[in-house]
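Notes follow the structure.
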Amino acid sequence: MSMPKIAVYQAIVNAKQQGKKQLAVLIDPDKAEPAHLERLLDLALQSRVDYFFVGGSLVMRDTLDDCLGFLKANSNIPCVIFPGSVQQISPKADAILLLSLISGRNPELLIGQHVIAAPYLRESGLEVISTGYMLVDGGAPTTVSYISGSNPIPANKNDIAVCTAIAGEMLGLKISYLDAGSGAKNPVSEQMMAAVSQNVATPIVVGGGIRTPDKAYANAVAGADIQVVGNLLEKNPSLMLEMADAVHSLNKMQEKGIL
Ligand code: 1GP
């Protein structure tokens with residue numbers, strides 16, 4: 001049996017230790033036509049995007065492999081699968097988030113699907129990053145909450161998010177992911193991410209409805225180590241530079257000794 005791979009997770013941990021904030025661009029392979037993908041990649045290289053997260057709740061076409069193949073052939077930006085289902089496994093990625101939906105009480109998404117996926121994951125040789133995935137109420141029902149048949153954590157219940165993240169960390173999950181769901185009306189509050197980041201040592205990933213540089217900056221200040229942006233950049237790829245600048249601005253201040 002070979003040693004588990006850890007390169008991507010190590011990069012995430014190193015960045016966190018250095019106080020560096022990172023941006024992941026979420027790509028739904030079903031919606032990424034070649035010209036669009038090329039444009040996203042071009043902008044991502046210019047903006048120094050840190051990761052591509054690739055996946056979607058409903059991947060209809062078998063486009064995951066092609067999408068990853070293109071991204072890997074044309075850049076060194078690590079590609080991490082953010083799977084919407086067990087079908088979304090491809091050896092072409094650098095890593096995969098093994099999501100356990102710890103905000104919900106659906107055993108299939110806590111452990112059931114993982115059992116089904118385990119032999120395929122091992123076969124793929126992918127780096128597997130176990131992730132405590134928490135859905136947070138974003139003001140309207142989202143695809144993930146509907147598909148998962150689970151209730152999100154109420155948006156103002158920071159203590160529930162904190163205790164859930166602590167439990168996830170105690171169970172050995174390596175990332176705490178707070179997600180208001182794709183296209184959320186209300187993104188996760190800074191108060192919630194600050195409360196979680198003060199209580200766990202795991203890197204904090206935040207996504208869902210992040211639409212403005214101001215919000216991205218505020219999230220970074222509040223403790224979001226990696227922010228995941230999908231919808232906004234799918235519709236307006238040209239905003240990537242601004243969003244990346246906002247996420248990375250604390251890093252620049254740190255480098256200049258301002259922080
Ligand atoms: C990933 O759900 C997010 O965590 C993506 O949300 O598409 O709203 O950016 P958006």
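Both counts, for ligands and for their atoms, begin at 1 and track the order of listing.
- Ring geometry for F82 against Y133 counts as perpendicular: the plane angle is over 60°, on a 0 to 90° scale with 30° as the lower cut.
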Walk me through it: do D245 and K252 pass the test salt bridge (charged side-chain N to carboxylate O under 4.0 Å, His left out)?
CA-CA 9 Å; D245 269 356; K252 288 181 190 143; 3.3 Å; yes
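- Remark: R211 CZ is packed, more than 12 non-hydrogen atoms of other residues, nucleotides or ligands lying under 6.0 Å away.
- Counting heavy atoms of neighbouring residues, nucleotides and ligands inside a 6.0 Å radius, atom NZ of K20 does not exceed 12 of them.
- A side-chain donor-acceptor contact under 3.5 Å links T131 to the backbone of I129.
- The immediate protein surroundings of ligand 1, defined as residues with any heavy atom under 4.0 Å of it, consist of L26, F82, Y177, D179, G181, S182, G183, G207, G208, G209, V228, V229, G230, N231.
- Remark: E123 CD is loosely packed, at most 12 non-hydrogen atoms of other residues, nucleotides or ligands lying under 6.0 Å away.
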